[in-house]
Amino acid sequence: MLSGLKRVLLGRPRDVLDPGVFHKVSLAAFLAWVGLGADGLSSSAYGPEEAFKALGPHGYLAVAMAGAIALTVFIISYAYSRIIEHFPFGGGGYVVATRLLGRTAGVVSGSALVVDYVLTIAISIAAGVDAVFSFLPPAWQGWKLAVAAAAIGVLTLLNLRGVKESVAILAPVFLTFVVTHAILILGTMASRSHEVPIVLRDIHTGFTQGLRPRPVGLGLAGLLALFMRAYSLGGGTYTGIEAVSNGLSIMREPKVQTGKRTMLLMAVSLALTASGIILGYLLVHATPEAGRTMNAVLANRFAADFHLGRWAIGADFVLVTLASEACLLFVAAQAGFIDGPRVMANMSTDSWLPHRFAQLSDRLTMQNGVLLMSGAALLALWYTRGAVDRLVVMYSINVFLTFSLTELSMCRFWLQRRKQQHDWRRQIAIHVAGLVLCATILTLTAYEKFAEGGWVTLVLTAGLIALCFAIRRHYRNVQANLQRLDAILPALPATKPGTAPSLDPRARTAVLLVGSYEGLGTHCLLSIQRLFPNVFQNFVFASVGVIDSATFKNVEEVEEIRAQTKAVLARYVATARALALATDSRMVVGTEVVAEGVELCKRIAQEFPYSVFFLGRLVFEEETWVHRILHNETAYQMQRRLQFAGLNAMVLPVRVLRSAA
């Protein structure tokens, strides 16, 4: 019943060997814009508002602010487009920092990104729920956290089904936001066009008075300080730009062109929307109102004074506009669900996080990462009680920490190639500009918001970095400990073709499930002969070629995994034949090791009825729950399922010394 319910909710498994599966799970530029661009575009719901409110009575600076925001969006977006060209396999800030600045910078960037994407989900859901409840009676406010948790649950389910399905379902919401806000911005400018000369005169007067020395004005230094503070507080506007380069691997071929088109769509839409909203605030003379966002104030004032023929745009348009804004914030959480698990998978491949985060489900999704991001986002909502202002403070610092490290990486990249690339100055210029902007925003944001909650993000990120180093140290110690088994390999006899007997299907058969060719597998083979002398006449090596997030890129990568698995099994067969054993191999390629391995064993049991299946498992002297997280329970899971199917299965222990634990 549970299996049937899973199929209803998540859909049927996908065939990883189907060449068309890459088309089915990948995103074209438009859908990538929807799935990844929503994170950036949704920030127009709160980023421009924070910047405009920080200007206070000096609203005449809004024109310069709108231009600065648009310019910053294009600079950062173009810089990331260049990164896409040089890192077409995706990974974003983590991969760039790791390759160009070293592992330490990489794990800092990756940890910041993981926390960033958790908070992306939390803040997007919290802001969306706030927008929804602004239309509901005050007595319903107590249900906000429950609704936020339900929204995360729905998005989790959609992402477990697959990226493309979740994005396609949410596309109408995204388009509604784009259309309504285009009408809002253009309509505001049209309806207030007669006030443009007055506004320009006010701007000129404001600048003239503001440049005067104190106490009449602020002076040039004072105006710049005020402007930079407002500019940095509006830094949330630029969050989400890196999502495209991080999620490049889910885009349709050719990935680089698709990624650059997606980045262009996001940059243009975000720059026009964010700067247009700030200009709209200025034209309608918007001021903060209790219980309303600045965007709500803008929409209501636009609806009050714009008429189209006999039809007056009223409450219905305001409702649709603000509802689409709320829904887009839910869509923006997709970036966290799409890119967060992908960053974790990249870090897992490098042994910074548990290896299981690189695994794919039978729906070809990173199920473990999706579930962890969902759970962490729920904890963030619970800790902050869904308060958007607290989440924004926690969220903002990590974004620009990653931006700064990425731009610094690219600056070093071009400096190292200045002798080979004659146009390196032109290439490096965009990254220098991006580094200056991002480092400035990071410094000012950390200074302004450290005491208001920014310290929480820094503590969480530092804790995750420390955990990553501990995990990597554990894996390296275990690997070093297991290398003692490799000493077996040189001592084995050389292969003697034609000396091994042939297989007898009716004879007792030992089936060894192996991975890569190493001393561990050979140790299991020799252990069977030592424990059961002269019992088994046949020896069959079985292996599952695992397709994980690092190899699931195209058909060629899948075929390469098949070829590698065949080569590993051929070496085991050669070793067994050198020992004069009757031997052969069987294999399968898939994503879920346990399910695929059990089915393979069942087929082997039909061919060799008198089979016993042997699986190796690492055994630690003082095993804890930490070891069970870092080292999966594949052997025990397969043993239980094989025994339930009526097959004999044994787990052979491989001891790991205390120093590696």
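Atom set for the values below is all heavy atoms of this structure, side chains included, hydrogens, waters and symmetry mates excluded. Just so it is clear, the model here is predicted, and its values are computed rather than measured.
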Distance, nearest 0.5 Å, that separates OG of S124 from CG of L155
9.5 Å
Specify whether Y572 and F541 have parallel, tilted or perpendicular ring planes, treating 30° as the upper limit for parallel and 60° as the lower limit for perpendicular.
parallel
Could you state the interatomic distance from CZ (F469) to OG1 (T104), rounded to the nearest 0.5 Å?
4.5 Å
Output all residues satisfying salt bridge (Lys or Arg N to Asp or Glu O under 4.0 Å) with K602, sequence neighbours left out; order by chain, then residue number.
E599
Identify the two heavy atoms, one from V573 and one from S585, that lie closest to each other, and give their separation to 0.1 Å.
CG2-CB, 3.8 Å
Using residues 369-382 as the side-chain source, report each donor-acceptor pair under 3.5 Å to any protein atom, sequence neighbours left out, with the distance given to one decimal.
residue, atom, partner, partner atom, Å
S374, OG, T156, OG1, 2.9

May I ask you to test the S111-L467 pair for a side-chain heavy-atom distance under 4.5 Å?
no
Is it the case that atom OH in Y610 sees more than 12 heavy atoms from other parts of the structure closer than 6.0 Å?
no
From N538 atom CG to E607 atom CD, the distance as rounded to the nearest 0.5 Å
9.5 Å
Between N398 and the options T120, D116, T457, T461, the side chain to side chain donor-acceptor pair (under 3.5 Å) test singles out T461
Please confirm whether the backbone N or O of T402 pairs with a side-chain atom of S109, one donor and one acceptor, at under 3.5 Å?
no
Heavy atoms of L642 and F613 approach each other most closely as CD1-CB, 4.2 Å
Does R472 offer a backbone N or O that forms a donor-acceptor pair with the side chain of S351 under 3.5 Å?
no
Compare every heavy atom of L405 with every heavy atom of L101, then report the nearest pair and how far apart it is.
CD1-O, 3.8 Å
How long is the straight-line distance from CG of L531 back to CG of L526, given to the nearest 0.5 Å?
11.0 Å
If every non-hydrogen atom of D504 is compared with every non-hydrogen atom of F608, which pair is closest and at what distance?
O-CD2, 4.4 Å
Gap separating the OG1 atom of T509 from the CD atom of Q537, nearest 0.5 angstrom:
8.0 Å
Give a yes or no answer on whether the side chain of T583 reaches the backbone of F539 with a donor-acceptor pair at less than 3.5 Å.
yes
Of all heavy-atom pairs between S543 and T565, which one has the smallest distance, and what is that distance?
OG-CG2, 3.7 Å
More than 12 heavy atoms of other residues, nucleotides or ligands under 6.0 Å from CZ of R508: is that the case?
no
From CG (L353) to CE (M344), nearest 0.5 Å
5.5 Å
Please enumerate all residues that pass salt bridge (Lys or Arg N to Asp or Glu O under 4.0 Å) together with D350, with sequence neighbours excluded.
none
If you look at every heavy atom in I528 and A510, which pair is closest and at what distance?
CG2-CB, 4.3 Å
